[in-house]
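Read the structure below first, then the notes.
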Amino acid sequence: MASKVRVRFAPSPTGYLHVGGLRTALYNWFMARRHGGTFVLRIEDTDRARMVEGATENLIRTLEVCGLKQDEGPYLQSERREKHLACAYELIEKGYAYYCFCSKERLEEVSKNQQLNKQPVMYDRHCRDLDRTTAENRAAVGDEHVIRLKAPLEGSIVMEDLIRGRVEIPWAQVDDQVLVKSDGYPTYHLAATCDDHDMEISHVIRGEEWLSSLPKHLFIYQAMGWEAPQFAHLPLLLNPDKSKLSKRQGDVAVEEYLAKGYLPEALVNFVALLGWNPTADREIFTKEELAALFDITKVNKGGAVFNREKLDWMNAEYIQALPMDEYLRRLSEGGFLPEGIEQERAARIVKARLVKFADARELIDEAVNALPYEAPALVWKKSDAKIAKARLEGVRAWLEGKDETWFADVPRMEEETRAWIAEKGWSNGDTLWPLRVALSGREKSPSPFELMFVAGKIETLVRVDAAIKKMQ
RNA sequence: GGCCCGUUCGUCUAGGGGUUAGGACAGCGGCUUUUCAAGCCGUUAACAGGGGUUCGAGUCCCCUACGGGCUACCA
């Protein structure tokens with residue numbers, strides 16, 4: 001790789017961090033970490049009309065939650081406007097850009113006709129050959145104008161992409177792109193190119209949607225006499241129907257996943273493996289491990305469907321791996337843990353079956369609160385009412401003799417109770433089933449030992465008594 | 001419409017001329033089991049199609065089909 005790796009993540013502040021954006025950020029971060037480089041954050045806020053209040057702060061916060069802290073920045077592109085404009089004027093000076101005074105109406109007219117005649121839709125270069133001095137005077141006087149790139153008319157450009165290899169695009173296809181808008185702000189093409197050069201970016205890693213405008217960017221580098229960085233255009237993230245991942249077909253914002261209680265580590269792990277994988281029969285990696293193995297040239301060319309089922313699986317894996325106190329802390333800080341001692345105990349036993357934190361409330365509720373039920377529910381399928389009642393009475397006497405601390409130790413409760421059942425010559429089924437239903441009121445539930453742990457001694461006995469009474 | 005990019009199990013992918021085409025998620029089956037979940041074991045399932053090149057193509061080339069991106073004074 002180049003001697004000094006400098007990469008950047010350059011989102012526009014449109015309100016939230018898109019999961020595709022997260023992956024782009026991640027790959028840039030990997031690249032920086034892998035080569036001892038610098039990860040720069042730049043906010044592309046040149047479109048004043050699309051600015052969203054608080055979006056930038058939110059973007060930075062979300063990246064940080066995901067463990068992606070920039071080494072440099074954030075730079076605000078809007079604050080670098082003077083540099084961009086200077087660049088535009090230099091391009092005009094060198095004959096690689098020009099003033100354009102065409103009205104929006106004329107432009108619409110032109111493209112309408114092109115569409116009708118099945119011609120490629122692009123600017124007809126009406127102002128391309130205006131006399132420069134005249135144009136400059138008009139501009140100085142305040143005539144509304146834009147500045148356009150003076151793209152070559154013939155031949156084609158051959159480009160080298162780290163992921164796709166050689167790409168060739170005929171210049172006839174490349175429009176005289178607007179570089180400076182009539183509001184005096186630069187467009188992405190000018191600003192990004194200019195900034196990437198200024199910030200000495202060595203590798204531009206961005207979404208595939210930019211591939212077709214790469215000729216314009218390369219042309220600017222060349223016209224300015226700058227050395228161009230290397231480029232890598234990432235494949236898109238897709239909906240299940242293979243269209244570009246969009247809001248309509250499910251969540252696309254990282255914030256939404258976080259709000260649902262997906263762990264940032266899990267989301268990062270999952271997203272990182274969409275389009276690239278370190279060639280190992282393994283799925284769970286920390287981002288540091290991934291960074292150490294990262295190779296931009298091994299990134300897939302084809303788009304990847306964002307498969308939520310696998311995300312769920314992976315998130316559950318991460319929850320399982322969390323130490324209990326860490327798990328409770330995060331659950332609580334995320335606002336997913338209802339108040340109460342039983343609730344906290346339930347949170348403990350529910351951890352193993354939790355897919356995402358947002359599901360915790362319901363699972364906890366099921367573990368804490370018993371449902372109303374009818375007496376027949378207490379009878380195990382291979383048993384009968386008489387046995388069920390006898391077992392319940394036996395269990396009650398057994399539990400009566402235990403102290404509160406005994407109920408705080410699930411493995412011990414289970415071990416000793418099973419031994420006791422065996423000693424009695426009873427079966428686990430005809431004993432444990434009635435106990436479990438007595439405690440939960442449900443056909444399906446956590447184990448009776450877990451439920452006793454949640455309920456505590458007093459409440460356990462109350463529920464067992466109630467069950468016995470139902471059997472009268 | 002034009003230009004560009006892409007195409008291995010349903011999904012994420014491994015694979016860079018010689019493989020029984022491997023793994024993961026989901027699915028299915030079984031084991032375990034007081035229920036559910038988990039866990040463990042097993043299993044279904046793919047090189048888009050057609051031409052080349054080659055002794056030999058998932059791997060290289062071409063064509064077609066399909067999908068996607070761009071085609072803004074948005075990024």
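Order of the sequence lines sets the chain letters (A, B, ...), proteins ahead of strands, with each chain counted from 1. Owing to the predicted nature of the structure, the values given are computational and were not obtained by experimental measurement.
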Would one find a side-chain N or O of [X] under 4.0 angstrom from OP1 or OP2 of [N]?
X	N	result
A:Thr14	B:A75	no
A:Asn300	B:U13	yes
A:Arg418	B:U34	yes

Under 3.5 Å donor-acceptor pair, A:Arg50 side-chain atoms to B:C74 base atoms: yes
Quick test: give all pairs of protein nitrogen or oxygen and nucleotides 60-70 of chain B nitrogen or oxygen below 3.5 Å, distance rounded to 0.1 Å.
from: B:C70; atom 1: OP1; to: A:Lys244; atom 2: NZ; distance (Å): 3.4
from: B:C70; atom 1: O4'; to: A:Ser212; atom 2: OG; distance (Å): 3.3
from: B:C70; atom 1: O2'; to: A:Ser212; atom 2: OG; distance (Å): 3.3

All pairs passing ring-ring contact (aromatic ring centres under 6.0 Å, His included) where residues 350-378 of chain A contributes a residue, at least two apart: A:Phe336-A:Phe357
Residue matched to B:G42 through Watson-Crick or wobble contacts both under 3.5 angstrom: B:C28
Partner set under ring pair (Phe, Tyr, Trp, His ring centres under 6.0 Å) for A:Tyr262, not counting sequence neighbours: A:Tyr257
Value in whole Å for how far the C1' atom of B:U11 lies from CZ of A:Phe306: 13 Å
For A:Lys83, side-chain hydrogen bond (donor to acceptor under 3.5 Å, both in side chains) partners two or more places apart: A:Asp198
Selection residues 147-163 of chain A - residue pairs positive for side-chain hydrogen bond (donor to acceptor under 3.5 Å, both in side chains), sequence neighbours left out: A:Ser156-A:Glu168, A:Asp161-A:His233
Side chains of A:Asp195 and A:His84, donor plus acceptor under 3.5 Å: yes
Can you figure out which of [options] approaches the side chain of [X] most closely?
X	options	answer
A:Val167	B:U34, B:C5, B:C12	B:C5
A:Leu107	B:C4, B:U34, B:C73	B:C73
A:Lys444	B:C73, B:G2, B:U35	B:U35

List the atom pairs, with distances to 0.1 Å, where a side-chain N or O of residues 264-273 of chain A and a protein N or O form a donor-acceptor pair under 3.5 Å, not counting sequence neighbours.
from: A:Glu265; atom 1: OE1; to: A:Arg330; atom 2: NH1; distance (Å): 3.1
from: A:Glu265; atom 1: OE2; to: A:Arg330; atom 2: NH1; distance (Å): 3.2
from: A:Glu265; atom 1: OE2; to: A:Arg330; atom 2: NH2; distance (Å): 2.5
from: A:Asn269; atom 1: OD1; to: A:Phe285; atom 2: N; distance (Å): 2.9
from: A:Asn269; atom 1: OD1; to: A:Tyr318; atom 2: OH; distance (Å): 2.6
from: A:Asn269; atom 1: ND2; to: A:Glu283; atom 2: O; distance (Å): 3.1

Residue whose closest nucleotide on RNA chain B lies nearer the 5' end, A:Asp183 versus A:Arg164: A:Arg164
5' priority, RNA chain B, between A:Gln119 and A:His189 [closest heavy atom]: A:Gln119
Side-chain donor/acceptor pairs under 3.5 Å, residues 389-396 of chain A, sequence neighbours excluded:
from: A:Lys389; atom 1: NZ; to: A:Glu393; atom 2: OE2; distance (Å): 3.2
from: A:Arg391; atom 1: NE; to: A:Asp430; atom 2: OD1; distance (Å): 3.1
from: A:Arg396; atom 1: NE; to: A:Asp465; atom 2: OD1; distance (Å): 2.4
from: A:Arg396; atom 1: NE; to: A:Asp465; atom 2: OD2; distance (Å): 3.3
from: A:Arg396; atom 1: NH1; to: A:Glu400; atom 2: OE1; distance (Å): 2.5
from: A:Arg396; atom 1: NH2; to: A:Asp465; atom 2: OD2; distance (Å): 3.0

Check nucleotides 18-26 of chain B for protein N or O atoms closer than 3.5 Å to its own N or O atoms and list the pairs.
from: B:A24; atom 1: O4'; to: A:Glu283; atom 2: OE2; distance (Å): 3.1
from: B:A24; atom 1: O2'; to: A:Lys310; atom 2: NZ; distance (Å): 3.4
from: B:A24; atom 1: N3; to: A:Lys310; atom 2: NZ; distance (Å): 3.2
from: B:C25; atom 1: O2'; to: A:Lys310; atom 2: N; distance (Å): 3.4

Set of salt bridge (charged side-chain N to carboxylate O under 4.0 Å, His left out) partners for A:Lys260, sequence neighbours left out: A:Asp251
Sugar-phosphate only, base, or nothing, as touched by A:Val146 at under 4.0 Å among non-hydrogen atoms: base
